[in-house]
Amino acid sequence: MTSNHSPPTPRDCAPHFAIAIDGPAASGKSTLARKLAQHLGLIMVNSGAMYRAVTWKVLREHIDPRDTAAVISLLDRIQIHCGHDGIMSTITIDGTEPGDELRAPAINANVSIIAAIPEVRMHLIDLQRGYLQHASIVMEGRDIGSVVFPNTPYKIYVDAAESVRAARRVDMGEVDSIAQRDAADSHRSAAPLVVAEGAAILDNSNLSIESGVSAALEILRHQGLDTC
Ligand code: DC
């Protein structure tokens, strides 16, 4: 992993710790993780962006996402650098920042296929774990509490009603078949979306963002984190 910039005020604890935020698409994981990172002085890592970045590269190279061997061979030919800019994680592939292109409909439609490939997951999990060598983090994704950091005591599974999640995507102006993506992410054999052992479930269907953050901080206090 490379760091682009020093964060403003990361909590530089030794040993570093990870807060795992998992949940389905559009459940509000990213917003919650970002707010928690701001509140606690940690770095927020969006692991979904890493799967999206590999998908971006696959499509850019005109590789069929279902051609698993071709996707795996691409992994040896791309340079992925993960870093952070302030509290936010960043990712570049071969020196290029994919940026907003990661949210394009073609990425939404194909990312679950790429994320189901075990070799892709192993490649990215190494990078995800690498963040802990530098700082304490809030990482959001699908398998953070179950596979990436199974031993962290700080785990939240964020959920919301499917209708609420679909409406959030529409509000964001995004084309995203979240039900289809959730089914693919939950039923794959490699690290499916599950409620990790020890995770507390936070349903934010009827919560404002700020109420969701307060509820998450309360959960983390119960899990033993000093949130002051
Ligand atoms: O969080 P997101 O919607 O940006 O994630 C995009 C896709 O990446 C998601 O459909 C499944 C995959 N993903 C994953 O398999 N494991 C993670 N830790 C994060 C994301």
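In listed order, ligands and their atoms are each counted from 1. Note that these values count all heavy atoms, side chains included, but never hydrogens, waters or copies made by symmetry. The first residue of the sequence shown is numbered 1, and numbering continues consecutively from there.
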Using a 4.0 angstrom limit on heavy atoms, which residues are close to ligand 1? K29, S47, G48, Y51, R52, R103, V111, S112, A115, R121, G141, R142, D143, I144, R181, D185, R188

Pairs where residues 41-61 contributes a residue and the test salt bridge (Lys or Arg N to Asp or Glu O under 4.0 Å) is met, not counting sequence neighbours: K57-E61, K57-D94, E61-R77

Give a yes or no on whether the backbone of G145 and the side-chain of K155 come within a donor-acceptor separation of less than 3.5 Å. yes

Do D185 and S112 have side-chain N/O donor and acceptor atoms under 3.5 Å apart? yes

Heavy-atom closest contact (I117 atom, I113 atom, distance): CG1-O, 3.6 Å

Keeping to residues at least two apart or across chains, list the ring-ring contact (aromatic ring centres under 6.0 Å, His included) pairs with something in residues 46-72. none

According to ring pair (Phe, Tyr, Trp, His ring centres under 6.0 Å), who are the partners of Y157, at least two apart in sequence or on a separate chain? none

